[in-house]
Amino acid sequence: MSEMTLLQDLKARGLIAQTTSEEELDQHLNENSVTLYCGFDPTADSLHLGHLVPLLMLKRFQDYGHRPIALVGGATGMIGDPSFKDQERSLNTSDVVEQWSNCLKSQISRFIHFDDTEGGAILANNYDWTASIDVLSFLRDIGKHFTVNKMIAKESVRQRIEREGSGISFTEFTYQILQSYDYQYLNKAYGCSLQIGGSDQWGNITGGIDLTRRVNGTHVHGLTLPLITKADGTKFGKTEGGAVWLDANKTSPYAFYQFWLQTPDADVYRFLKFFTFMSVADIDALEQQDAVREGKPVGQSVLAREVTTLVHGEDGYVAAQRITEALFSGDLSSLDEGDYAQLSLDGLPSSVLSPEGLADTPLTTLFADVGLAASGKQVKDALQRKAVIVNGEEFGMDDNLNAPGVFNVERALFGKYFLVKLGKKKHHLFVYG
RNA sequence: GGUGAGGUUCCCGAGUGGCCAAAGGGAUCAGACUGUAAAUCUGACGCGCGAGCUUCGGUGGUUCGAAUCCACCCCUCACCA
């Protein structure tokens with residue numbers, strides 16, 4: 001990072017979508033240790049890849065000597081952010097929101113270093129200062145500073161307001177006031193003077209800036225991050241199974257590692273800048289080396305290693321790497337009995353195979369049930385193309401009704417393991433018993 | 001409230017009585033080629049190994065037969081008020 005200012009580094013990484021006066025912000029950041037915040041609303045029981053960039057962003061600021069506040073939206077999560085959403089969302093119960101908030105809290109703590117010292121990072125929940133406000137105070141003390149005219153004019157809610165039929169409830173419309181209040185509150189309580197967020201948050205952030213100026217008389221700043229896109233135009237952060245979660249129980253370190261390993265060339269160096277702490281110079285150098293390299297580029301494996309380590313720690317990375325080696329080297333004999341036991345612990349999808357009823361279960365059903373394929377049809381397709389491999393042996397459509405033969409104990413590795421490969425990338429471990 | 005146009009399989013979008021599980025494109029999955037990449041080509045793509053079963057906003061009806069016709073209802077869009 002050396003001589004670059006933080007803002008220069010972020011810019012070089014392509015991590016800035018919009019900022020309030022860049023000059024002022026740059027000066028502010030260079031002359032002070034700034035307290036900044038980013039909010040994460042509990043919309044599920046785990047953060048996902050979309051949250052990773054802002055989360056890492058907080059850490060980038062922390063590394064430059066600033067103080068991050070990670071805000072869990074226990075209150076805002078009850079309301080639902082309408083920004084650029086084309087539909088009203090259904091509300092979650094307070095129990096659920098609270099539970100999810102706690103999940104997010106523990107996840108966030110893994111990324112940012114929190115401590116109790118004066119300048120240490122802070123983990124906050126806006127429920128704490130929002131829940132107890134009574135309606136009249138809210139309307140008089142906060143609501144009075146907002147003109148509906150301005151609220152309506154925001155791009156983030158315009159579609160919903162202008163388009164007949166979609167509509168927006170008063171509840172969601174109020175969201176921007178709540179978030180603005182957070183900023184004003186944090187400014188007052190902690191001297192927070194910068195809010196960051198995804199580019200869809202610009203409207204909410206500027207709302208908070210205005211409120212803070214009106215109420216606290218303080219001039220504060222805002223910065224948004226770009227939406228992560230893929231070169232081919234498809235949505236980033238999705239796999240066959242849906243979102244890629246940061247929770248190891250929802251997306252195993254192995255699956256996580258694989259996700260990054262499969263990054264297209266066209267995206268990999270950009271993603272290295274977004275998702276790792278490698279310097280821009282090092283990334284550029286890597287890109288140039290890959291460009292003249294014979295064969296496979298190393299960008300993907302570096303990216304996968306860095307991000308997996310970041311999210312799942314060294315252990316998670318090592319485990320993911322070990323499974324990858326074993327499965328993709330094509331050499332099953334390199335694994336000993338202990339390795340097989342470890343595979344499922346390390347996150348390779350696995351299930352117990354019961355001998356009973358096996359004769360009545362077609363492979364199509366069996367594999368679809370354990371999630372190896374979305375439907376029996378896909379298994380059928382794979383069988384017909386010789387893309388199903390069990391313990392190194394190919395099986396075809398002829399074997400569909402012959403599960404007992406395919407999963408004959410005699411053929412089990414170490415008397416109990418069957419490693420099924422469907423296609424090039426999907427693996428599943430069956431344990432006999 | 002009035003008038004006009006619509007609601008089709010994950011998405012977009014054809015289909016206006018049987019040949020429709022429903023054109024075409026996208027997404028997705030698999031195969032070939034590669035580098036667990038891209039591009040390209042091939043196949044699959046409602047569910048089911050199969051016989052077969054269940055779909056075209058909802059509910060009833062007409063018909064041997066309906067996504068297609070009729071009635072009512074729900075929703076959306078456009079314009080008017």
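Lettering of chains follows the sequences in order, A, B, ..., and the numbering in each one begins at 1.
Here the P atom of nucleotide B:U36 and the CG atom of A:L303 are 17 Å apart, to the nearest Å. Rounding to whole angstrom units, NZ of residue A:K386 and C1' of B:G43 are separated by 16 Å. B:G31 atom C1' lies 18 Å from atom NZ of A:K377, rounded to whole Å. Spacing between atom CG of A:L401 and atom P of B:A51 amounts to 13 Å, rounded to whole angstrom units. Between A:D381 atom CG and B:A44 atom C1' there is a gap of 5 Å when expressed in whole angstrom units. Remark: C1' of B:U42 and CD of A:Q384 are 14 Å apart, rounded to the nearest angstrom. Whole-Å rounding puts the A:Q300 CD to B:A37 C1' distance at 6 Å.
Checked by atom type, the side-chain pair A:Y432/A:N408 shows no donor-acceptor distance below 3.5 Å. Under the 3.5 Å distance criterion, with hydrogens and angles disregarded, a donor-acceptor pair is assigned to the side chains of A:D290 and A:Y269.
Among the heavy atoms of the strands lying under 4.0 Å from A:T365 are primed sugar atoms or P, OP1, OP2 only; no base atom is included.
B:G13 and B:A66 have their P atoms separated by 28 Å, with the value rounded to a whole Å. If you take atom P in B:U62 and the same atom in B:G52, they sit 28 Å apart, rounded to whole Å. Comparing the same atom, P, in B:C73 and in B:C79 gives a spacing of 25 Å after rounding to whole Å. Straight-line distance between the P atoms of B:A67 and B:U54: roughly 13 Å, to the nearest whole Å. The separation of B:C11 from B:C47, taken at their P atoms, amounts to 14 Å, rounded to a whole angstrom. Comparing the C1' positions of B:G15 and B:G60 gives an interatomic distance of 25 Å, to the nearest angstrom.
The base of B:G35 is paired with the side chain of A:D265 by a donor and an acceptor separated by under 3.5 Å.
Between A:Q300 and the choices A:D265, A:D267, A:T263, the side-chain hydrogen bond (donor to acceptor under 3.5 Å, both in side chains) rule is met once, by A:D265.
The CD atom of A:Q384 lies 10.0 Å from the CG atom of A:D398; values are rounded to the nearest 0.5 Å.
Phosphate proximity of B:A30 to A:K424: absent, as no side-chain N or O sits under 4.0 Å from OP1 or OP2. For B:C49, one of the phosphate oxygens OP1 or OP2 lies less than 4.0 angstrom from a side-chain nitrogen or oxygen of A:T364. OP1 or OP2 of B:A30 lies within a sub-4.0 Å distance of a side-chain N or O belonging to A:K426. A:K425 has a side-chain polar atom (N or O) that falls below the 4.0 Å cut-off from OP1 or OP2 of B:A37. For A:S375, no side-chain nitrogen or oxygen approaches OP1 or OP2 of B:C29 to under 4.0 Å.
Toward the 5′ end of RNA chain B lies the nearest nucleotide of A:T239, the other residue of the pair A:T239 and A:E325 mapping further downstream. Between A:L261 and A:D232, it is A:L261 whose nearest contact on RNA chain B lies nearer the 5' terminus.
Looking at A:R60 and A:D9, no side-chain N of the basic residue comes within less than 4.0 Å of a carboxylate O on the acidic one, giving no salt bridge.
The aromatic ring centres of A:F256 and A:H312 sit less than 6.0 Å apart.
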